Amino acid sequence: MQETILITKAEIQQYKQLSNSINQSKLEQIIKEAQFNDLRPLLGERLYNDVMTKVEASSTDYDDLMNGSVYEFGGITYTNYGLKSVLANYVYARYAMFGDVIDNPFGMTTKLNVSESKPLDLSTKKTFYAANQKTAYNYWLNVEAFIIRTNLKLYNSCSNHSENKTFRLSRIG
């Protein structure tokens, strides 16, 4: 199940500009990290494990969840953008931040282009990373509404996630 990849390079390219010459093993590493670190906390352990198992078995149980759909709830028609839209943005955020870090015999390095272009600086990468994480989360809110409205089993909306906010205590007096 840990080897299951929920999204392909071509599917990511439907949402984000991604080079055709990307290192496939690096991309798969980033996809697995995004699935486990970003998607799993949103879905919750039970639903995440079921999705991973069913996708690996080529089941169609989660086609609407994964690929999106148009559905009706309470007499209103809604569009579900699908988990692949969420995952594509999380993968792209991680790829922008960590995609050029490679391991070689001399240790961890940043891959540099030999042409006139130069790599993005760290602050630009951080901004890009944060913006894509926010986009992914906004897509997630749409998918979560679909999950709740269609009463998808195994999802527990009470314990899965919260926005990353700081909490401070200060002494009075």
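Just so it is clear, the values below take in all heavy atoms, side chains as well, and ignore hydrogens, waters and symmetry mates. Computed from a predicted model, the values in this text were never measured in an experiment.
A donor-acceptor pair is defined here as one N or O able to donate and one able to accept, closer than 3.5 Å; no such pair exists between the side chain of Asp50 and the backbone of Arg46. The backbone N or O of Val70 sits nowhere less than 3.5 Å from a side-chain atom of Asn80 that would complete a donor-acceptor pair. The main-chain N or O of Leu18 is found under 3.5 Å from a side-chain atom of Gln13 such that the two form a donor-acceptor pair. Proximity of a side-chain donor or acceptor of Asn142 to a complementary backbone N or O of Asn138 within less than 3.5 Å is not detected. Ser69 places no side-chain N or O within donor-acceptor distance of the main-chain N or O of Tyr71, the cut-off being under 3.5 Å. At least one donor-acceptor pair closer than 3.5 Å links the side chain of Thr150 to the backbone N or O of Phe146.
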| task | Run the numbers on Tyr81 and Thr79 for side-chain contact (heavy atoms from CB on, under 4.5 Å), then give the verdict. | result | CA-CA 6 Å; Tyr81 294 105; Thr79 299; 3.9 Å; yes
| said: Assess the residue pair Tyr137 and Asn89 against the criterion (side-chain contact (heavy atoms from CB on, under 4.5 Å)); give the C-alpha distance rounded to whole Å, side-chain angles, the decisive distance to 0.1 Å, and a yes or no. | reply: CA-CA 9 Å; Tyr137 186 74; Asn89 281 278; over 6 Å; no
| request: List the steps and the verdict of side-chain contact (heavy atoms from CB on, under 4.5 Å) for Gln29 and Glu33. | output: CA-CA 6 Å; Gln29 171 196 333; Glu33 290 171 3; 3.0 Å; yes
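The minimum heavy-atom distance between Ala88 and Ile12, with the atom names listed, is CB-CA, 4.2 Å. The minimum heavy-atom distance linking Phe36 with Pro41 is given by the pair O-CD, 3.6 Å. When all heavy atoms of Asn20 and Lys9 are compared, the pair lying nearest together is O-NZ, 3.0 Å. The minimum heavy-atom distance linking Tyr129 with Met97 is given by the pair CD1-CB, 3.7 Å. Among all heavy-atom pairs drawn from Gln35 and Thr4, the shortest one is NE2-O, 2.9 Å. Taking each heavy atom of Leu6 and Glu11 in turn, the nearest pair found is O-OE1, 4.1 Å.
Note: Ile7 CD1 to Glu28 CD = 13.0 Å, rounded to the nearest 0.5 Å. Separation of atoms CG (Leu83) and OH (Tyr48) is listed at 11.0 Å; rounding is to 0.5 Å. Distance CG/Asn132 to OG1/Thr127: 11.0 Å, rounded to 0.5 Å. Summarising the geometry, atom OG1 belonging to Thr60 is positioned 13.0 Å from atom CE belonging to Met66; distances are rounded to the nearest 0.5 Å. Atom CG of residue Leu39 and atom CD1 of residue Ile31 lie 12.0 Å apart, to the nearest 0.5 angstrom. Expressed to the nearest 0.5 Å, how far CD of Gln14 lies from CG of Asn67 amounts to 9.0 Å.
Annotation: Tyr62, atom OH; neighbour count of heavy atoms from other residues, nucleotides and ligands within 6.0 Å is above 12.
Here the side chains of Trp140 and Asp38 are not in contact, with every heavy-atom distance at 4.5 Å or above. Within the 4.5 Å cutoff, the side chain of Glu144 has no heavy atoms near those of the Leu42 side chain. Residues Met52 and Arg40 are not in side-chain contact: their nearest non-hydrogen atoms beyond the backbone lie 4.5 Å or more apart. A 4.5 Å side-chain heavy-atom check between Leu65 and Ile147 finds at least one atom pair inside the cut-off. Side-chain contact between Tyr90 and Gln133 is present, with heavy atoms from C-beta onward closer than 4.5 Å.
For Tyr15 and Tyr92, the ring centers are positioned 6.0 Å apart or more.
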